[in-house]
Amino acid sequence: MREWITSSRGPQPKFLYTPCVKSGALGVVSGMVALDPDTGHLIDGDVAAQTQRIFDNLHLALPDYGYGMQDLMLARIYTTRMDQFPSINAVWEKQFALAAPPARTSVGVSALPLAALVEIEFIFHQTQNT
């Protein structure tokens, strides 16, 4: 059975979509751009600042989604600035300084919603304790 999950802790959707869809242990988090959780507007800043805001927003929502970073299996990064990918990667590396990172795909694109520089989607799988 699929569950549609939202979180009141972070930015609210501007369009009709579900931020997280969960089925059993599997959870898919819709692509996130760097929205300010208070204003709902895209933050000012370069790719590093936007990437950090995405991870900050993810951390805000994870308790409501029922996952932890240890459950993260895959991240897909989309950016309009592949020339600045080292900045994205530097923020990425900080997120996983103490844990093994998930699988990752990185794609250069011509445009993203709200003129964002970075968008990241996430797939989680909750390990069952036996």
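The first residue in the sequence is number 1, and the count goes up from there. Note that the structure is a prediction, hence the values are computed from the model and not measured.
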Does the pair Arg53 and Met32 meet the rule for a side-chain contact (heavy atoms from CB on, under 4.5 Å), with working shown? CA-CA 10 Å; Arg53 181 74 258 165; Met32 300 174 83; over 6 Å; no
Run Ile88 and Ile77 through side-chain contact (heavy atoms from CB on, under 4.5 Å) and show every step you take. CA-CA 9 Å; Ile88 295 169; Ile77 301 171; 4.3 Å; yes
Apply side-chain contact (heavy atoms from CB on, under 4.5 Å) to the pair Gln70 and Gln126, showing each step before the final yes or no. CA-CA 8 Å; Gln70 73 279 2; Gln126 196 167 47; over 6 Å; no
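Separation of atoms CG (Leu58) and OH (Tyr67) is listed at 12.0 Å; rounding is to 0.5 Å. Taking CZ of Phe122 as the reference point, atom CG of Leu62 lies at 8.5 Å (rounded to 0.5 Å). The structure places CD of Glu121 at 5.0 Å from CZ of Arg76, a figure rounded to the nearest 0.5 Å. Distance check, rounded to the nearest 0.5 Å: CD of Gln84 to CG of Asn89 gives 13.5 Å. Distance check: Thr6 OG1 to Gln12 CD gives 7.0 Å after rounding to the nearest 0.5 Å. Note that the OG atom of Ser110 and the OH atom of Tyr78 stand 13.5 Å from one another [nearest 0.5 Å].
No more than 12 heavy atoms of other residues, nucleotides or ligands shown are found within 6.0 angstrom of CG on Asp44.
Heavy-atom minimum distance, Phe96 versus Trp92: CD1-O, 3.2 Å. For the pair Ser106 and Arg104, the tightest heavy-atom approach, listed with the atom from each and the gap, is OG-NE, 3.7 Å. Leu117 and Thr79 get closest at one heavy-atom pair: O-OG1, 2.8 Å. Nearest heavy-atom pair across Thr51 and Val47 is OG1-O, 2.7 Å. The two residues Leu35 and Pro11 have their closest heavy-atom pair at O-CG, 3.4 Å. Here the shortest heavy-atom pairing between Gly108 and Met82 reads CA-CG, 3.5 Å.
With respect to the salt-bridge test (charged N to carboxylate O, under 4.0 angstrom), the residues Glu3 and Lys22 do not qualify. Salt-bridge formation is detected for the pair Arg9/Asp64: a Lys NZ or Arg NE/NH1/NH2 atom is positioned less than 4.0 Å from an Asp or Glu carboxylate oxygen.
Using a 4.5 Å cut-off on side-chain heavy atoms (C-beta onward), Glu119 and Pro113 make contact.
The cluster map of Ile, Leu, Val, Met, Phe, Trp and Tyr, joined by side-chain heavy atoms under 4.5 Å apart, puts Leu60 and Ile54 in different clusters. With hydrophobic clusters built from ILVMFWY side chains whose heavy atoms lie under 4.5 angstrom apart, Ile43 does not share a cluster with Leu114. Under the 4.5 Å side-chain heavy-atom criterion for grouping Ile, Leu, Val, Met, Phe, Trp and Tyr, Leu74 is connected to Leu26 within one hydrophobic cluster. Tyr65 and Ile120 fall within the same hydrophobic cluster, defined by Ile, Leu, Val, Met, Phe, Trp and Tyr side-chain heavy atoms under 4.5 Å apart, directly or through other members. Under a hydrophobic-cluster definition in which Ile, Leu, Val, Met, Phe, Trp and Tyr are linked whenever side-chain heavy atoms come within less than 4.5 Å, directly or via other members, Ile5 and Phe124 are assigned to the same cluster.
Between the side chains of Asp46 and Gln50, not a single donor N or O lies within less than 3.5 Å of an accepting N or O.
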